[in-house]
Amino acid sequence: MNSLHRALEVLEGGMLSLVEDGGRQHVAHLGLTQGGVMDRHAWAWGNRLLGNHWGEAAIEITIGGFKGRFSQATQIALTGADLNTRLNGQPVATWETLTIKAGDLLETGHAAQGLRGYLCVRGGWKTPVGLGNSRSAIVREQLGGQDGLGSPLKAGDQLSYACTRDTDQGRPCSVPLTFRPAYQAPLILDFCDNPASPLPAQLIETLLAQRWTLSSRSNRMAALLDGQPLQVERYPLVSSGVAAGTLQLPPSGQPIILLNERQSIGGYPQLGFVTLRSLDRLAQGRPGEVIQFRRISLAEAQQQEGEFLSFFQHSDQAPIRSI
């Protein structure tokens with residue numbers, strides 16, 4: 001296909017704006033982290049609206065403050081947290097496609113609910129593909145992103161995108177309301193027990209019964225929880241591989257939920273796992289927000305993830321609404 005290459009000129013990078021896709025797979029044995037979008041639900045819907053292939057990169061905008069100008073016509077979608085975005089000074093809607101003309105100026109305010117918004121473009125952002133066949137930026141490992149060094153977006157950066165021709169915009173469409181998450185709803189995370197955990201069952205029951213708050217020290221590596229510390233006895237620290245959602249209990253008694261930029265191995269006792277589908281909602285949690293856990297079975301968690309992948313990886317199964 002003969003594509004015309006265009007660019008979004010970044011005028012302001014905002015609090016933290018990163019190019020992210022589905023992350024690096026099969027690299028943990030190299031000591032590298034996965035990275036990738038924090039809220040796969042919002043990201044997947046943004047790409048689905050635009051007819052993009054599964055896995056295309058988006059700009060993950062945390063809190064807001066992003067500004068950029070498009071050099072040529074295209075089509076975009078904004079999903080995730082409502083960042084009070086304006087196009088040429090006029091407010092625009094989220095969770096639906098937007099037509100872009102050459103010279104258009106896009107700027108975000110700051111999220112009132114939720115934490116992370118996703119800016120997707122028709123055909124995906126064409127930043128360099130690096131290790132693990134991923135475009136994802138990982139700041140602490142200096143991998144991926146627009147410059148190949150994992151750097152957050154900043155003024156002067158140029159992000160390429162491609163379309164076949166100016167008139168190839170696709171039909172306007174939006175995500176049905178029933179599929180849009182309510183970020184103001186209570187933050188309840190589905191939890192699966194770890195059958196190999198050395199911790200007593202009563203400790204896990206206490207974890208589930210208690211309310212926790214999301215710490216302001218949380219980041220893309222881990223969500224730190226504040227609350228009444230769990231009583232931890234001394235256990236041998238045996239390092240093992242850790243996955244996204246692993247819930248560790250350090251000596252402080254304050255639980256840690258490992259996220260996309262986690263280390264590849266860890267030695268703290270593992271109470272269990274927060275499901276991948278619940279990590280989407282957690283990605284939109286704000287510091288100080290109350291968190292509760294709800295136990296589900298491993299089979300239920302696997303079913304949730306299987307349905308999610310089937311829904312988005314097969315375009316005929318992901319309904320969208322024409323506007």
Side-chain angles (χ1 to χ4, degrees), residues 17 20-22 36-64 66 75-87 90-100 106 108-122 124 170-190 214 223 260 274-286 289-292 294 296 301 303-323:
S17 300
E20 300 290 346
D21 57 19
V37 292
M38 297 287 283
D39 182 349
R40 285 201 300 161
H41 176 266
W43 161 75
W45 264 118
N47 279 322
R48 171 69 184 101
L49 284 171
L50 298 166
N52 290 344
H53 296 299
W54 168 262
E56 290 289 359
I59 300 175
E60 181 181 272
I61 304 170
T62 301
I63 299 295
F66 180 86
Q75 192 177 46
I76 64 170
L78 296 158
T79 56
D82 186 346
L83 301 177
N84 296 300
T85 304
R86 300 177 299 281
L87 184 63
Q90 298 300 311
V92 293
T94 56
W95 300 92
E96 63 181 51
T97 55
L98 298 170
T99 297
I100 296 295
L106 184 84
T108 74
H110 295 86
Q113 294 175 343
L115 192 71
R116 295 177 170 93
Y118 292 87
L119 171 55
C120 301
V121 69
R122 187 172 175 83
R171 61 188 176 88
C173 54
S174 68
V175 176
L177 292 177
T178 53
F179 293 93
R180 303 185 192 188
Y183 297 136
Q184 72 277 16
L187 212 173
I188 300 174
L189 304 178
D190 287 339
L214 185 60
N260 298 46
V274 173
T275 68
L276 292 176
R277 301 282 45 81
S278 283
L279 292 186
D280 294 337
R281 177 62 184 88
L282 179 59
Q284 299 294 351
R286 300 169 70 93
E289 195 165 346
V290 175
I291 290 176
Q292 289 184 281
R294 172 178 56 202
I296 68 170
Q303 181 178 353
Q304 286 179 2
E305 179 65 8
E307 290 174 351
F308 171 83
L309 294 175
S310 176
F311 189 82
F312 285 107
Q313 292 183 352
H314 300 87
S315 60
D316 59 332
Q317 296 186 31
I320 54 179
R321 182 172 63 88
S322 297
I323 56 176

Engineer: Distance check, rounded to the nearest 0.5 Å: I61 atom CD1 versus R116 atom CZ?
Structural biologist: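 Between I61 CD1 and R116 CZ, I get 12.5 Å after rounding to 0.5 Å.
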
Engineer: Roughly how far, to the nearest 0.5 Å, is the CE atom of M38 from the OH atom of Y118?
Structural biologist: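 So the OH of Y118 and the CE of M38 are separated by 7.0 Å.
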
Engineer: Using side-chain hydrogen bond (donor to acceptor under 3.5 Å, both in side chains) as the criterion, list what pairs up with Q292, not counting sequence neighbours.
Structural biologist: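 With sequence neighbours excluded, Q292 shows a side-chain hydrogen bond (donor to acceptor under 3.5 Å, both in side chains) to no residue whatsoever.
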
Engineer: Go through the structure and list residues passing side chain to side chain contact (heavy atoms under 4.5 Å, CB included) with A182, not counting sequence neighbours.
Structural biologist: Q184, A185

Engineer: Mind listing the side-chain donor-acceptor pairs of residues 49-59 below 3.5 Å, one per line with the distance, residues two or more places apart or on another chain?
Structural biologist:
| from | atom 1 | to | atom 2 | distance (Å) |
| --- | --- | --- | --- | --- |
| N52 | OD1 | G123 | N | 2.7 |
| N52 | ND2 | N47 | OD1 | 2.9 |
| N52 | ND2 | V121 | O | 2.9 |

Engineer: Got a sec, which residues hit salt bridge (charged side-chain N to carboxylate O under 4.0 Å, His left out) with E20, two or more places apart in sequence or on another chain?
Structural biologist: R220

Engineer: How close do L83 and G117 get, counting heavy atoms only, and between which atoms?
Structural biologist: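 Closest approach of L83 to G117: CD1-CA, 4.0 Å.
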
Engineer: If you compare all heavy atoms of A42 against all heavy atoms of Y183, which two are closest, and at what distance to 0.1 Å?
Structural biologist: CB-OH, 4.2 Å

Engineer: Can you give me the closest heavy-atom contact between G22 and W43, atom names plus distance?
Structural biologist: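 In terms of heavy atoms, the two residues are closest at N-CZ2, 3.7 Å.
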
Engineer: Show your working on side chain to side chain contact (heavy atoms under 4.5 Å, CB included) between L189 and I291 and close with a plain yes or no.
Structural biologist: CA-CA 7 Å; L189 304 178; I291 290 176; 3.7 Å; yes

Engineer: Considering residues at least two apart in sequence or located in another chain, which fulfil the side-chain hydrogen bond (donor to acceptor under 3.5 Å, both in side chains) criterion with D82?
Structural biologist: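 Here no residue qualifies.
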
Engineer: Out of curiosity, D190 CG to L282 CG, how far, rounded to the nearest 0.5 Å?
Structural biologist: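 Reported value, rounded in 0.5 Å steps: 12.0 Å.
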
Engineer: With rounding to the nearest 0.5 Å, note down the distance linking CD in Q284 to OG1 in T62.
Structural biologist: 9.0 Å

Engineer: Does V290 have any side chain to side chain contact (heavy atoms under 4.5 Å, CB included) partners at least two apart in sequence or in another chain, and if so, which?
Structural biologist: R211, T213

Engineer: Could you walk me through whether T97 and T99 pass side chain to side chain contact (heavy atoms under 4.5 Å, CB included), step by step?
Structural biologist: CA-CA 7 Å; T97 55; T99 297; over 6 Å; no

Engineer: Run the side chain to side chain contact (heavy atoms under 4.5 Å, CB included) test against E305 and tell me which residues pass, sequence neighbours left out.
Structural biologist: R40, L276, R277, F308, L309

Engineer: Look only at the side chain of S174 and the backbone of E96, and say whether a donor-acceptor pair between them is shorter than 3.5 Å.
Structural biologist: no

Engineer: At what distance, to the nearest 0.5 angstrom, does CG of L106 lie from CG of L119?
Structural biologist: 6.0 Å

Engineer: Do the rings of W95 and H41 sit parallel, tilted or perpendicular, given the 30° and 60° boundaries?
Structural biologist: tilted

Engineer: For residues L78 and T108, determine if any side-chain heavy atom of one lies less than 4.5 Å from a side-chain heavy atom of the other.
Structural biologist: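 Side-chain contact under 4.5 Å: no.
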
Engineer: Please enumerate all residues that pass salt bridge (charged side-chain N to carboxylate O under 4.0 Å, His left out) together with R286, with sequence neighbours excluded.
Structural biologist: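 R286 satisfies salt bridge (charged side-chain N to carboxylate O under 4.0 Å, His left out) with no other residue.
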
Engineer: Tell me every residue that passes side-chain hydrogen bond (donor to acceptor under 3.5 Å, both in side chains) with R180, counting only those two or more places apart in sequence or in another chain.
Structural biologist: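 By the side-chain hydrogen bond (donor to acceptor under 3.5 Å, both in side chains) rule, R180 matches no residue at all.
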
Engineer: Minimum heavy-atom separation for G114 to A81, with atom names?
Structural biologist: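 In this case the closest contact between G114 and A81 is C-CB, 3.8 Å.
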
Engineer: Just to verify, what does I63 make a side chain to side chain contact (heavy atoms under 4.5 Å, CB included) with, not counting sequence neighbours?
Structural biologist: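 Partners of I63 under the side chain to side chain contact (heavy atoms under 4.5 Å, CB included) test: M15, H110, L115.
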
Engineer: Among residues at least two apart in sequence or on other chains, which ones pass side-chain hydrogen bond (donor to acceptor under 3.5 Å, both in side chains) with E289?
Structural biologist: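 R281.
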
